[in-house]
2 protein chains.
Amino acid sequence: MTTKEIKKKCKGRPKCFDRQEALEKAKIMFCLYGYQGTSIAQLTDAMGIKPPSLYGEFGDKEKLFIEVLDYYYAPYKEEVSRIFKEKNSTEATFKAIFNLSKGFHTQGISVGCLIVNSSINSYDEDTLIGAKLKAIHDENESTLYKRLEQGKKDGDVAADVNTKRLSRYVSGILAGAAIIARGQKSTDAVTDLLEQGFESFQILIKA
Amino acid sequence: MTTKEIKKKCKGRPKCFDRQEALEKAKIMFCLYGYQGTSIAQLTDAMGIKPPSLYGEFGDKEKLFIEVLDYYYAPYKEEVSRIFKEKNSTEATFKAIFNLSKGFHTQGISVGCLIVNSSINSYDEDTLIGAKLKAIHDENESTLYKRLEQGKKDGDVAADVNTKRLSRYVSGILAGAAIIARGQKSTDAVTDLLEQGFESFQILIKA
DNA sequence: GGATTTTTGTAGTGACCACTAAAGAAATAA
DNA sequence: TTATTTCTTTAGTGGTCACTACAAAAATCC
């Protein structure tokens, strides 16, 4: 007996929508118009549900957005984790990460990165959203940092490299790529930035 | 007889506010809360005027914002122009530009860059604001590109350097710095990104 | 079948949004 | 002084915001 079949055995009227599909639609809207720029009416239209269903399922707009942030970040996180396991050298690992960003921003109509976009508008850490965004950014930068430190142990990152500074450099370039992708909508500009960024990364880990 | 004295000789009730001071206050509000996030009520409170005065002077919220964008961009443009005249080498010129960004984002409470912030929310070129932002970005990138081309003629940028790619690289890092400054509010992170960025720039123009 | 539980759709809530009509106030012109 | 012009202030406009009270609908439990 699956979980879904167990779920069906409970009392009350069953839900008319799929939670994940609803999150997916909400994600698209927030990516396009941002947190402030997306109204509940727009969300309910896109999700195919009525306001009471949205509030019943997700609490309020802010809580829904935070759920969407996790839902958005999870695949990226998994992909980076996969790259870490798959690739051996530090250079190949970061090449794959730069390529991940390039692929993400250059196929289809790019709307940038929801995390980066949101950090512009909800930059106050005192808010739930601000704290969540800060946590995601810190986790990402820390992941890059740890991989560079590992590279030092493995010997393919030079001993005198400032790994903290370099992780912030990579993080900054990835953020810049997201901005350029959304603001300029030029795949060439994104590609140039990331390729030049990786080229310099190759040099920087060697000295 | 000055222009202001001539202005005083016209009919009608004189204005109770200074146009530039009003723009300055509007700039602060838009920098803090963005275009969508700043209401007319917030603007009029900060500017010390009532809505009819705002609409009489600036047209509407969108036109005011576009004026603020120009007002915001002008000093940066002048400063870059001054650097171009002052510095001789390409390296010293770009060092000064990276430092300009560093100084801007690391003194006081940084709110990032109004141009970059706005390009997240008003990224559609079909709007007046989107077109203005695109124009400013293109002008800035073009300025950097031309200076790199000049460097090739002067001989302090290697002949085989892809100047277009490099200008996009610099532009991307400056955008990234603005994002980090606003989102992370860490002066160290901004400094690391810009210093590492300039360090790699030094290498990249030599080969 | 009737009671209970949960979700649904309808139809709103007060608050705030960008913006403005209208009249008073302050200057010049005659 | 009176008329004209321009700006200011007051007091709103309809529209949209996030959010919700309420009752019908659809399931299970007894």
Side-chain angles (χ1 to χ4, degrees), chain A residues 1-23 25-26 29-30 32-68 118 121-122 127-129, chain B residues 1-23 25-26 29-30 32-68 118 121-122 127-129:
Chain A
M1 191 184 262
T2 68
T3 325
K4 196 173 273 183
E5 278 163 343
I6 291 169
K7 196 92 187 282
K8 275 192 176 176
K9 281 287 178 185
C10 68
K11 261 187 175 183
R13 180 173 176 171
K15 284 176 188 168
C16 296
F17 64 94
D18 181 77
R19 197 173 203 279
Q20 182 152 322
E21 279 177 22
L23 277 174
K25 300 292 184 186
M29 297 305 285
F30 282 131
L32 283 169
Y33 308 113
Y35 176 69
Q36 292 183 65
T38 309
S39 70
I40 297 291
Q42 284 178 290
L43 286 168
T44 52
D45 281 356
M47 297 161 90
I49 60 176
K50 298 289 160 65
S53 297
L54 188 152
Y55 284 90
E57 185 69 33
F58 300 104
D60 59 16
K61 191 184 176 185
E62 188 180 36
K63 292 198 188 78
L64 167 62
F65 187 69
I66 288 175
E67 278 213 51
V68 168
S118 305
N121 300 308
S122 309
T127 66
L128 287 177
I129 296 173
Chain B
M1 192 185 261
T2 69
T3 326
K4 197 172 275 184
E5 279 162 344
I6 292 169
K7 197 93 186 279
K8 276 193 178 177
K9 281 288 181 186
C10 68
K11 261 190 175 182
R13 180 172 177 171
K15 284 175 190 169
C16 296
F17 64 94
D18 181 77
R19 196 173 203 279
Q20 183 153 321
E21 280 176 21
L23 278 174
K25 300 292 184 186
M29 297 306 286
F30 282 132
L32 283 171
Y33 309 112
Y35 176 68
Q36 291 183 62
T38 310
S39 70
I40 297 291
Q42 283 177 290
L43 285 167
T44 52
D45 281 356
M47 298 160 89
I49 60 176
K50 299 287 162 64
S53 296
L54 187 153
Y55 285 90
E57 184 69 34
F58 300 104
D60 59 16
K61 191 184 176 185
E62 187 180 38
K63 293 199 187 77
L64 168 62
F65 187 69
I66 287 175
E67 278 213 52
V68 167
S118 306
N121 301 308
S122 310
T127 65
L128 287 177
I129 296 173

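First the proteins, then the strands, lettered A, B, ... as listed; each starts at 1.
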Of the listed nucleotides [options], the one nearest the side chain of [X]:
X: B:Pro52; options: D:dT28, C:dT6, C:dT20; value: C:dT20
X: B:Pro14; options: C:dA18, C:dG9, C:dA27; value: C:dA27
X: A:Lys61; options: C:dT10, C:dT8, D:dC19; value: D:dC19
X: A:Lys11; options: C:dT4, D:dC7, C:dA18; value: C:dT4

Check the distance between [N]'s [atom2] and [X]'s [atom1] and give it to me in whole angstrom.
X: A:Tyr33; N: D:dA18; atom1: OH; atom2: C1'; answer: 19 Å
X: A:Asp60; N: D:dC17; atom1: CG; atom2: C1'; answer: 14 Å
X: A:Glu62; N: D:dC17; atom1: CD; atom2: P; answer: 18 Å
X: A:Leu54; N: D:dA18; atom1: CG; atom2: C1'; answer: 11 Å
X: B:Ile40; N: C:dT20; atom1: CD1; atom2: C1'; answer: 12 Å
X: A:Glu57; N: C:dT6; atom1: CD; atom2: P; answer: 14 Å
X: B:Lys63; N: C:dA18; atom1: NZ; atom2: P; answer: 15 Å
X: A:Ile49; N: D:dA25; atom1: CD1; atom2: P; answer: 21 Å

- request: Starting from the 5' end of DNA chain C, give me the residue, B:Pro51 or B:Gly12, whose nearest nucleotide shows up first.
  value: B:Pro51
task: Between B:Thr38 and A:Arg13, just flag the one whose closest nucleotide in DNA chain C comes earlier from the 5' side.
output: A:Arg13
Distance below 4.0 Å between [X] side-chain N/O and [N] OP1 or OP2:
X: B:Ser53; N: D:dT8; result: yes
X: A:Lys50; N: C:dT10; result: yes
X: B:Tyr55; N: C:dT20; result: no

message: Is it the case that the side chain of A:Thr38 and the backbone of A:Tyr35 share a donor-acceptor pair, with hydrogens and angles ignored and the cut-off at 3.5 Å?
response: no
task: May I ask you to check whether over 12 heavy atoms, not counting those of B:Phe17, lie within 6.0 Å of atom CZ?
output: yes
- request: Would you indicate whether B:Lys61, at its atom NZ, is surrounded by more than 12 heavy atoms from other residues, nucleotides or ligands within a distance under 6.0 Å?
  value: yes
field: Residue pair B:Ser122 / B:Ile129: nearest heavy atoms and the distance that separates them
entry: CB-CG2, 3.6 Å
- prompt: Angle class for the A:Phe30/A:Phe65 ring planes (parallel below 30°, perpendicular above 60°, tilted otherwise)?
  reply: perpendicular
task: Name the nucleic acid region contacted by A:Thr44, choosing base, sugar-phosphate or nothing; use a 4.0 angstrom heavy-atom cut-off, strictly under.
output: nothing
